[in-house]
Amino acid sequence: METTAGGPIRRSTADEALAAELAEFAIELAEGAGQLARAGARAGFDVCTKSSATDVVTEVDRNVERWLVEQILNRRPADGILGEEGAERASTSSVRWVLDPIDGTVNFTLGLPQYAVSVAVELNGVVVAGCVYNPESGESFRARVGHGAFLGDVRLFGPRDVDLARAVVGTGFGYDAGHRAAQAQVVARLLGQIGDIRRLGAASLDLCAVAAGRLDGYYEVGLNPWDYAAGLLIVTEAGCQASGLRGRGPGEAMVAVAGRELAPALFRALSELNADL
Ligand code: LIP
């Protein structure tokens, strides 16, 4: 149940109907864009860099985002959009789309089949639906707020009950070398407290891996909203806990998610290890 300080968020029947329509459109968008990304991977592409030598982008990222924007504005011209590759427009409809055309771009450029199109949709500023689609595996993770999380039509219920010492935890690192070095120190100290670490390279799929029980937990510092907006809804709708640093909500400072049994110990360890953030 989604709540605010004042208690559960109640949506009107009209908003519930709209959320259902937006959820279906999000799936259509993510899966359609995924086919473009998959075709682009096979056709070949140039690779450019953005904020650092490791922050890469291709014309496929940009073409996929353009396609997503066109589809959205053709059907819902008053909606707002925020995309990783520069799409940004204000909403006059109370609906905004948050798009990562290719999450896991480095994996995409290397031919690693661990990348996804991530589409989230907000209604009145709250994410109400999302889809994360891996075009290589064909796996389509999706959720609508209050209606559960699914892989295709299979309901997801999060990971096993496990203690910190046995937990397999995913993470990722920033594109800034200095930040990465500091983040590596955190991982080095966390590893002695957990079972193992996984660095799979796409935040949206890492979040879905926790929802599907393939990871016991995941955390990352410094993500962008387009990396986590859809995956965070999917993992929380799968019954998992989410947190930021020191009990704050998940966001760009830190996104941490885990199954209910593991969450308190993992979140406490992460807040202690990231005390300087
Ligand atoms: C990536 C994230 C990943 C993170 C990378 C990068 P991109 O997003 O999905 O978790 O560790 O540094 O931010 O840039 O491939 O869309």
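All ligand and atom numbering here is 1-based and tracks the order in the structure.
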Distance (rounded to the nearest 0.5 Å) between Ile234 CD1 and Ser118 OG: 7.0 Å
Atoms in ligand 1 with a heavy atom of Gly172 nearer than 4.0 Å: 11 (O)
Test: Asp79 and Arg96 ion pair at under 4.0 Å: no
Glu136/Arg42 salt bridge by N-O under 4.0 Å criterion: yes
Worked verdict on Val95 versus Glu122 for side chain to side chain contact (heavy atoms under 4.5 Å, CB included): CA-CA 6 Å; Val95 172; Glu122 298 170 343; over 6 Å; no
Atom indices of ligand 1, in the order listed, that fall short of 4.0 Å to a heavy atom of Ala202: 9 (O), 10 (O)
Numbering as shown, the atoms of ligand 1 that approach Glu84 to under 4.0 Å (heavy-atom distance): 14 (O), 16 (O)
Nearest-option assignment for atom 9 (O) of ligand 1, heavy atoms, candidates Ile102, Asp100, Asp103: Asp103
Polar contact flag for Ser204 and ligand 1 (N/O pairs, less than 3.5 Å): no
Ligand 1-proximal atoms of Arg199, by part, heavy-atom distance under 4.0 Å: side chain
Residue Gly104 vicinity, atoms of ligand 1 by number, heavy atom under 4.0 Å: 7 (P), 15 (O), 16 (O)
Structural part of Phe173 in contact with ligand 1, heavy atom criterion under 4.0 angstrom: backbone
Identity and separation of the nearest protein heavy atom to atom 10 (O) of ligand 1: Glu220 OE1, 2.9 Å
Atoms of ligand 1, numbered as shown, that sit under 4.0 Å from any heavy atom of Ala203: 2 (C), 3 (C), 9 (O), 10 (O)
Verdict with supporting geometry, Leu273 and Tyr219, side chain to side chain contact (heavy atoms under 4.5 Å, CB included): CA-CA 12 Å; Leu273 291 170; Tyr219 78 96; over 6 Å; no
Shortest protein heavy-atom distance from atom 14 (O) of ligand 1, along with the residue and atom involved: Tyr175 OH, 2.6 Å
Mode of Thr105 contact toward ligand 1 - side chain, backbone, both, neither (heavy atoms, under 4.0 Å): both
Electrostatic pair Glu31-Arg142, nearest N-O below 4.0 angstrom: yes
Phe25 six-ring centre to Arg76 NZ/CZ under 6.0 Å and within 45° of normal: no
Spacing of Trp97 atom CH2 and Leu73 atom CG [to the nearest 0.5 Å]: 11.0 Å
